[in-house]
Amino acid sequence: MKMNHKSLLRAAISLSLLLAMLTGSASFAATIGATQNVSNDPAHSIRPRVAQDPDGNLHVVWDSQDGDGPRQVRYVKGVWSGTTYSFGQSSVLAEVGQYGYALPNLAVAPNGTIVVAWSDGTLRARAWDARASQPGGQPVALGAGLAPSIEADSRNRFHIAWSGDFKAQYCVFNGTACERRETLSTEKTNRPDVAVDKDDNVHLVWDEGNQVLYKARPANGNWGATETLDTNGANLSQIAADGQGNVHVVWSKNYDIQYCRRIFGGGCAERHTIDAGSDLEPFIGATRSGNVIIAFRESNSKRIFVDVRERGVWSGPAALGPGIQIDVTQRGYVERASIAWSHDYDIQVTTITTAPPLSGTLVLNNGASLTNQPAVQARITNTSSTVATTYSLADGSDPGAPMTAFTNPALTTTFNLNVSDGRCRAHTVYGRLGNAGAISPIFSASIIYDPSVSAIAQARNPHAPFNLPLNGFTSAAVPDG
């Protein structure tokens, strides 16, 4: 008999969030939305998976069984209203009979194509337009196995990994068939998880025995060697990619949650341990700006906790409420993640909105044209609500990681232009802002020479150093010096 504890759940969540705000770190800038019941039916609903589309809408799948009836894969879409999601009635994607658990998963590509994969003994995938009001498409068989993980690349292909024959299986799925099909591990593989970074490099983690393993390949390239991330009881690994080129890996070990940030071709650049008690089964998601959301289960209290890494700073774990079988939106097209879990045989969903990404503007020479000076005044303004702590500038190229101290909300400095070619010419200067591990998208400003100032914009030898005398050249109003 299904029990109804909705009012108790709301009270527990409100209390836990209040305690998190009172006792949590001052750096916790993320906001946690209201919890919604998205299954909302009498069936036993378990094992949810969630994905976000490019419009910021949410897609949820789960295992469902009503009484002794056949097991089903159910799906529902939530449309973002600006403050919350509006969910309609769920629909049946697949009937799997009495097969144990379909363990469905899903992802949405940049063009809005959604793929859901599940198992009825055979792994199947189904694709349709995520903007449609109802699911479409037909299932495609991919091979034997279960527990799929899915992520899309910039070319709208889907990278699917799953357990089959106790090995990690892999497929590049184009919506109708596998373009590439491989077996990637040896034996005793558990729950492989895949992520695709901004350059379409593919990253895979899985458990084998009491260790967490990792391997990667470049876009359209071959897989590299298998690396061991942790041993001695490490398991239940998950991976997500942000929009900055990082991948974020999380796993469980000795009832703590372990975290590693890395890039393609590099090792762990950052490690972190989360300890909220007897912690198990972590799931992870990342946003475009590099914020990270980790949700996990604390087995003693039977509650779900979340820890957020914003701009490189961890908030510390906060309790969401009772529940099991968690998932986090792996890829964030917007600065908002969703967490789903099962409680009392309902599928619950809440949102985590992280601090907006850094952004900036640049003004050179107070907006005026150049005369013949090799240095200009540069004014950088932080246009986001996120505090910037560093900046970088470069003439004609990406300035790279911000390393120089920045003062909010704006900073004025003298910047030396690149005049090594000795020509009076236009310049485009590029800038970035930073805060710990977060880096803003690139911004720029261009400046030109004023050819009407004939005494300064003179014909000159393009091979002469910029700051030497003109050596007898006559004055002339020429656009490029």
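Between the side chains of Asp256 and Thr273, no donor-acceptor pair of N or O atoms lies under 3.5 Å. No side-chain donor from either of Asp66 and His44 sits under 3.5 Å from a side-chain acceptor of the other. In this model, a donor atom of one side chain and an acceptor atom of the other lie less than 3.5 Å apart for Thr383 and Ser359. A side-chain donor-acceptor contact under 3.5 Å links Asn37 and Asp346. Inspection of the Glu335 and Thr354 side chains reveals an N or O donor paired with an N or O acceptor under 3.5 Å. Looking only at atom types and distance, the side chain of Ser278 has a donor-acceptor partner in the side chain of Asn300 under 3.5 Å away. The closest side-chain donor-acceptor pair between Arg336 and Gln52, if any, does not fall under 3.5 angstrom. Residues Asn174 and Thr176 bring a donor and an acceptor atom of their side chains to less than 3.5 Å of each other.
Between Glu310 and the options Ile293, Asn435, Asn291, Val292, a side chain to side chain contact (heavy atoms under 4.5 Å, CB included) holds for only Asn291.
Within the 3.5 Å criterion, the main-chain N or O of Asp63 finds no donor-acceptor partner in the side chain of Ser45. With hydrogens and angles disregarded, a donor-acceptor distance shorter than 3.5 Å links the side chain of Arg191 to the backbone of Leu236. Using a distance-only test at 3.5 Å, with no hydrogens or angles considered, a donor-acceptor pair links the side chain of Gln244 to the main chain of Arg288. Judged by distance alone, with hydrogens and angles left aside, the side-chain atoms of Glu151 form no donor-acceptor pair with the main-chain N or O of Gln330 at under 3.5 Å.
Annotation: ring-ring contact (aromatic ring centres under 6.0 Å, His included) contacts involving residues 220-255, sequence neighbours excluded, comprise Tyr170-Trp223, His248-Tyr259. Evaluation of the ring-ring contact (aromatic ring centres under 6.0 Å, His included) test over residues 95-141, restricted to residues two or more places apart or in two chains, returns Tyr75-Trp128.
Salt-bridge check for Asp200 with Arg155: failed, with every basic side-chain N at 4.0 Å or more from each acidic carboxylate O. Using a cut-off of 4.0 Å between Lys/Arg side-chain N and Asp/Glu carboxylate O, Asp279 and Arg297 are scored as not salt-bridged. A salt bridge is defined here as a Lys NZ or Arg NE, NH1 or NH2 lying under 4.0 Å from an Asp or Glu carboxylate O, and Lys167 with Glu208 fails to meet this definition. The pair Arg157-Glu179 counts as a salt bridge, with a side-chain nitrogen and a carboxylate oxygen less than 4.0 angstrom apart.
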Thr350 vs Ile32, side-chain contact (heavy atoms from CB on, under 4.5 Å): CA-CA, chis, key distance, verdict:
CA-CA 7 Å; Thr350 192; Ile32 303 176; 3.8 Å; yes
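Around atom CD of Gln89, no more than 12 heavy atoms belonging to other residues, nucleotides or ligands sit under 6.0 Å away. Residue Asn222 places its CG atom among 12 or fewer non-hydrogen atoms of other residues, nucleotides or ligands, all under 6.0 Å distant. Heavy-atom contacts from other residues, nucleotides or ligands closer than 6.0 Å to CZ of Arg217 number more than 12.
By the 6.0 Å and 45° rule, Arg432 does not stack over the aromatic ring of Phe406.
Ile304 pairs by the side-chain contact (heavy atoms from CB on, under 4.5 Å) definition with Leu320, Ile326, Trp341, not counting sequence neighbours.
Side-chain contact between Arg309 and Ile284 is absent, with no heavy-atom pair separated by less than 4.5 Å.
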